[in-house]
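Structure record follows, encoded as structure tokens.
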Amino acid sequence: MSRPYRRAALPTAAAATAVAAVLGLAACSASSGQSGSSSDAQAVKVNPADDQLAADPLAAVRAAADITGHNGSIQDVTTLHTVAAKKQMLLHGTGVYDYSSHLGRVEVTVPAGSGTAPAGKLTEIVSPGLVYLQNSGAKVPAGKWVKLSVQQLGDGNLVSSGATDPASAADALRGAETAQLVDSATVNGVVLKHFRGTLDLTAAAKATGGPSSQGLALAAHTFTVKKVPYDVWLDEHGRINKIVEVFTFAQVPGSTAAKDQVVVTSTSVFSGFGTPVQVAVPSDADIVAPSAAAGSK
């Protein structure tokens, strides 16, 4: 029987520190094992060609996650820029998400000299309510994975593993409170409309529903700036082509002092709409307990 889980604070200056930062806290609780689908994959089959960008900015932004999901899959290029006092860190990654299986895969390069984060490649597989982590720079046996519930991560895995997975980045827009059309531009022959505003993660969690909402709900409690700023670029069908979200949390739990705040800017660029992708969860034989991984040599 697992001991009650006590939520740990987010990592500090190397905010998105991945496996090495979560192994200790994960040992206190078993994964939730929850399954099921959420609204990030559409229950009703829709022809993506029939989707149109709504004229109302707020309606367009709130519908963007569903419309993007109508395409069945996406490819993602992601960056995570972390600023804490005078320290900064920039992580780059690539990923895919399959809306049919509700599975995503993100690979992040952690550079040397990233504070407490071990250098190497972090691979993350996300499914509703669960995350599988593999880090070549941490003390995890080669080829093995650590399986965690998002409830075991202080921010619900929104930034703590080095990237905001594409589904979560999109789902957050369901909680948009304000939206303003900034401008329009043609990028690679595609006309994109740029919207800016703030979103509420609690509202986003309620609108998303199911296990996929758990990470958003946890982040809503963890982040110190509750009205999350965002910028999003939508095409004529209302699909997300680029999204920027700015998350803020305290590296000293409970502190509201400016010097203790960590600001994480998450940027995702989506492409390859509908291009088939393959993502699978690791086999049970390749999963190790967090405590065993932390103690491996």
Side-chain angles (χ1 to χ4, degrees), residues 39-42 46-83 90-99 104 106 108 158-159 163-201 203-204 207-208 212 216 219 225 227-248 263-275 277:
S39 56
D40 67 5
Q42 310 310 310
V46 177
N47 183 352
D50 294 336
D51 285 321
Q52 297 295 322
L53 180 68
D56 176 68
L58 191 56
V61 171
R62 287 176 174 174
D66 283 334
I67 289 176
T68 302
H70 291 166
N71 293 267
S73 60
I74 55 173
Q75 299 172 9
D76 176 32
V77 175
T78 176
T79 61
L80 209 65
H81 183 214
T82 301
V83 178
L90 184 63
L91 300 179
H92 298 275
T94 58
V96 297
Y97 192 83
D98 185 344
Y99 284 91
V106 181
V108 178
L158 224 63
V159 298
T164 305
D165 76 83
S168 294
D171 287 342
L173 290 178
R174 293 194 175 98
E177 293 185 317
T178 63
Q180 177 183 3
L181 177 61
V182 178
D183 56 30
S184 298
T186 301
V187 180
N188 296 326
V190 177
V191 177
L192 300 180
K193 290 193 174 182
H194 175 194
F195 299 91
R196 176 176 295 156
T198 59
L199 60 87
D200 178 84
L201 291 172
T208 299
S212 291
L216 295 170
V225 174
K227 294 184 182 297
V228 176
Y230 74 85
D231 286 85
V232 65
W233 287 258
L234 307 178
D235 63 20
E236 63 177 348
H237 296 292
R239 301 178 301 192
I240 300 168
N241 279 242
K242 180 179 179 180
I243 180 171
V244 179
E245 294 160 330
V246 183
F247 306 112
T248 303
V263 179
V264 182
T265 301
S266 170
T267 302
S268 296
V269 177
F270 295 170
S271 63
F273 300 103
T275 301
V277 299

message = So which atom in Leu53 and which in Ala60 form the shortest heavy-atom distance, rounded to 0.1 Å?
response = CD1-CB, 3.6 Å

note = Between Lys193 and Ser184, the two heavy atoms sitting closest are CG-OG, 3.4 Å

Where Ala170 and Ala65 come nearest, the two heavy atoms and their spacing = O-CB, 3.4 Å

query = Do you know which two heavy atoms are closest between Ala172 and Ala204, and how far apart they sit?
reply = O-CB, 3.5 Å

request  = Measure the CG-CD distance between Leu80 and Glu245 for me, rounded to the nearest 0.5 Å.
outcome  = 11.0 Å

request  = Considering non-hydrogen atoms only, spot the tightest contact between Leu58 and Ala176 and give its length.
outcome  = CD1-O, 3.7 Å

ask   = Rounded to the nearest 0.5 Å, how far apart are CD of Gln180 and CZ of Phe195?
value = 10.5 Å

note = Between Thr78 and the options Val106, Ile243, Thr94, Val269, the side-chain contact (heavy atoms from CB on, under 4.5 Å) test singles out Val106

query = If you measure from the Lys or Arg side-chain nitrogens to the Asp or Glu carboxylate oxygens, is any gap between Lys242 and Asp231 under 4.0 Å?
reply = no

note = dist Ile67:CD1 -> Arg239:CZ (nearest 0.5 Å) comes out at 10.0 Å

request  = For the residue pair Asn71 and Tyr99, establish whether any side-chain heavy-atom pair is separated by less than 4.5 Å.
outcome  = no

key: Evaluation steps, side-chain contact (heavy atoms from CB on, under 4.5 Å), between Asp66 and Arg174   = CA-CA 9 Å; Asp66 283 334; Arg174 293 194 175 98; 2.7 Å; yes

Heavy atoms of other groups near Asp50 CG, more than 12 under 6.0 Å = yes

query = At what distance, to the nearest 0.5 angstrom, does CG of Asn241 lie from CG of Leu234?
reply = 7.5 Å

task = Quick one: list whatever passes ring-ring contact (aromatic ring centres under 6.0 Å, His included) with His194, sequence neighbours left out.
result = Trp233

task = Give a yes or no on whether the backbone of Gly197 and the side-chain of Thr178 come within a donor-acceptor separation of less than 3.5 Å.
result = no

request  = Find the distance between CG (Leu192) and OG1 (Thr186) and round it off to the nearest 0.5 Å.
outcome  = 7.5 Å

key: Test item: Thr164 side-chain N/O and Val159 main-chain N/O as donor-acceptor pair under 3.5 Å   = no

ask   = What heavy-atom pair brings Val61 and Leu173 nearest, and what distance separates the two atoms?
value = O-CB, 3.7 Å

query = Does the side-chain contact (heavy atoms from CB on, under 4.5 Å) test come out yes or no for Asp76 and Tyr97, once each step is laid out?
reply = CA-CA 8 Å; Asp76 176 32; Tyr97 192 83; over 6 Å; no

message = Once rounded to the nearest 0.5 Å, what's the spacing between atom CD of Glu177 and atom CG of Leu199?
response = 8.0 Å

request  = Start with the C-alpha distance between Asp98 and Val96, add both sets of side-chain angles, then the distance that settles side-chain contact (heavy atoms from CB on, under 4.5 Å), and finish with yes or no.
outcome  = CA-CA 7 Å; Asp98 185 344; Val96 297; over 6 Å; no

task = Please assess Leu158 against Leu201 for the test side-chain contact (heavy atoms from CB on, under 4.5 Å), listing each intermediate value before the final yes or no.
result = CA-CA 11 Å; Leu158 224 63; Leu201 291 172; 4.3 Å; yes

task = Tell me, please, which residues at least two apart from Asp56 pass side chain to side chain donor-acceptor pair (under 3.5 Å).
result = none

